[in-house]
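Inspection log for the structure reproduced underneath, given as structure tokens.
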Amino acid sequence: MKPMKLAAFAALIAAPAAAENWDMPMAYPDSNFHSQNGKLFAEKVAACTGGALTITIHAGGSLFGGADIKRAVQTGQAPIGERLLSAHANEDPLFGVDSVPFLATSYEQSDKLWAATKDAIGEALAEQNLVLLYSVPWPPQGFYFKKEVESIDDMAGTKFRAYNAATAKLAELTKMLPVQVEAAELTQALATGVAEAFISSGSTGVDSKVWEQLTHFYDTQAWLPRNTVFANKDAFEALDQKSRDCLLSAGAEAQAEGTATSAALAGGYLKTLAENGMKVSAPSEALKAGLTEVGAVMAADWEAAAGDKGAALLEAYKAQ
Ligand code: PCA
């Protein structure tokens with residue numbers, strides 16, 4: 001009897017903790033590289049935890065729309081989620097550092113800007129009951145129009161789809177009419193005339209098959225905004241140490257791999273736009289010069305909003 005009892009006891013203490021499943025809302029389409037990278041992240045977490053923590057991806061805004069994901073995770077309605085953090089720059093200017101025009105315009109610079117600001121961004125998120133897990137840049141941002149645009153004067157009066165405060169400000173400074181539209185509703189907004197132009201990556205242009213409505217893409221490489229994945233702090237802290245470590249290590253891997261994927265795909269998206277009949281080109285000198293001026297105004301605005309803390313981070317970025 002005795003040995004059997006011991007064996008039963010051993011089996012009991014060796015039994016894995018009840019498996020936990022987290023639902024992860026993401027705003028962009030299932031086929032988008034961020035969503036696919038989210039799935040790879042989920043697979044890594046499952047493998048690392050031996051199935052103790054699994055993550056179910058809900059792409060395309062199917063669980064929460066983009067605008068609601070951050071609040072949902074903060075309040076624990078979802079334990080984890082992905083969001084374009086710059087859309088929350090009104091809460092903390094730091095969240096918008098990736099959308100300051102012409103501050104970081106290549107993958108290399110984007111990595112450096114992230115390295116200089118990630119701790120401060122992580123702290124700002126922690127104050128909002130969030131744990132930073134990883135962040136992946138979109139390809140560089142260019143302008144989509146349905147006419148030739150030679151200078152910013154040609155933009156005036158255009159209904160311009162904005163995805164954050166920076167893109168709305170850019171529209172105002174170029175005398176366009178900003179309208180906030182999530183990527184999930186972009187196709188419809190273009191089809192119904194709610195918007196007739198926007199700034200984004202080739203990735204979102206391809207996702208939305210914008211060649212059905214628009215004709216010109218100007219490859220301005222203005223900035224590389226990021227999608228950031230965070231967990232609810234209470235949900236994170238309720239996990240065992242191993243699961244927490246796995247989330248962080250899988251996040252680090254997903255960030256490196258997602259960034260490499262973004263860079264590898266960037267050129268192909270522009271090719272796809274051209275193959276579908278769009279005129280893809282560099283901006284004219286006049287357009288470049290106008291956007292540089294607008295960008296300088298926006299950079300000064302950001303610095304004023306971000307104060308000494310922002311200035312120190314910019315210095316750290318530029319010193320790299
Ligand atoms: N695509 C997202 C954000 C930046 C990008 O390239 C969008 O347009 O909503």
Side-chain angles (χ1 to χ4, degrees), residues 25-38 59-62 64-70 81-89 95-107 109-110 113-114 135-145 159-171 176 178-191 194-211 213-214 217-229 258-259 261-270 272-273 278 280 298:
M26 300 182 85
Y28 296 92
D30 189 67
S31 59
N32 181 272
F33 75 92
H34 284 291
S35 308
Q36 292 299 315
N37 192 51
S62 57
F64 290 98
D68 298 322
I69 288 175
K70 183 162 171 287
E82 179 195 63
R83 177 61 172 149
L84 183 82
L85 209 49
S86 60
H88 298 273
F95 295 156
V97 71
D98 60 22
S99 300
V100 176
F102 307 114
L103 179 61
T105 59
S106 65
Y107 283 93
Q109 290 177 354
S110 169
L113 184 60
W114 178 250
S135 175
V136 171
W138 288 91
Q141 306 290 289
F143 285 86
Y144 292 87
F145 286 102
K159 286 183 253 172
F160 189 77
R161 174 262 177 169
Y163 60 67
N164 61 12
T167 48
K169 180 80 188 175
L170 192 150
M176 295 194 284
V179 48
Q180 291 282 342
V181 177
E182 285 294 318
E185 277 91 47
L186 177 57
T187 305
Q188 203 193 343
L190 294 171
V194 165
E196 45 191 2
F198 64 102
I199 184 167
S200 194
S201 58
S203 174
T204 290
V206 170
D207 282 348
S208 307
K209 294 194 170 63
V210 293
W211 49 81
Q213 318 292 341
L214 307 183
F217 179 78
Y218 295 101
D219 188 13
T220 51
Q221 311 197 352
W223 64 83
L224 286 74
R226 287 172 169 271
N227 277 5
T228 299
V229 172
T259 302
T261 302
S262 179
L265 294 176
Y269 294 131
L270 303 192
T272 302
L273 295 176
M278 290 196 78
V280 174
M298 291 174 63

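Quantities reported herein were computed from a predicted structural model and do not represent experimental measurements. Whatever order the structure lists them in is the order used to number ligands and atoms, beginning at 1. Residues: numbered from 1 along the sequence shown.
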>> Quick check on Gln141 - does any of its heavy atoms sit under 4.0 Å from an atom of ligand 1?
In response: yes
>> So for Phe198, does at least one of its heavy atoms come nearer than 4.0 angstrom to any atom of ligand 1?
In response: no
> Are the side chains of Phe145 and Glu196 in touch, meaning some heavy atoms are under 4.5 Å apart?
Replying inline: no
> Would you say Pro225 and Leu84 make side-chain contact, with heavy atoms under 4.5 Å?
Replying inline: yes
Would you mind listing which atoms of ligand 1 come within a distance below 4.0 Å of any non-hydrogen atom of [X]?
X	value
Pro225	4 (C)
Ala183	9 (O)
Arg161	7 (C), 8 (O), 9 (O)

>> Residue-level breakdown please: for Ser201 versus ligand 1, do any non-hydrogen atoms fall below 4.0 Å on the side chain, on the backbone, on both, or on neither?
In response: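 Answer for Ser201: both.
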>> Run Tyr144 and Ile199 through side-chain contact (heavy atoms from CB on, under 4.5 Å) and show every step you take.
In response: CA-CA 6 Å; Tyr144 292 87; Ile199 184 167; over 6 Å; no
>> Given 3.5 Å as the limit, does a donor-acceptor pair link the side chain of Arg83 with the main chain of Thr228, or not?
In response: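 Checking the backbone N and O of Thr228 against the side chain of Arg83, no donor-acceptor pair under 3.5 Å is found.
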> Nearest protein heavy-atom contact for atom 5 (C) of ligand 1: which residue, which atom, what distance?
Replying inline: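 Looking only at protein heavy atoms, the one closest to atom 5 (C) of ligand 1 is Ser200 OG, 3.1 Å.
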> Strictly by modelled atom types, are Ser110 and Arg226 linked by a side-chain donor-acceptor pair under 3.5 Å?
Replying inline: yes
> Nearest to atom 1 (N) of ligand 1 by heavy atom, Thr204, Asp207, Leu84: which?
Replying inline: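 Heavy atom nearest to atom 1 (N) of ligand 1 belongs to Thr204.
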>> Counting the benzene-type ring for Trp, do Trp138 and Tyr28 have ring centres under 6.0 Å apart?
In response: yes
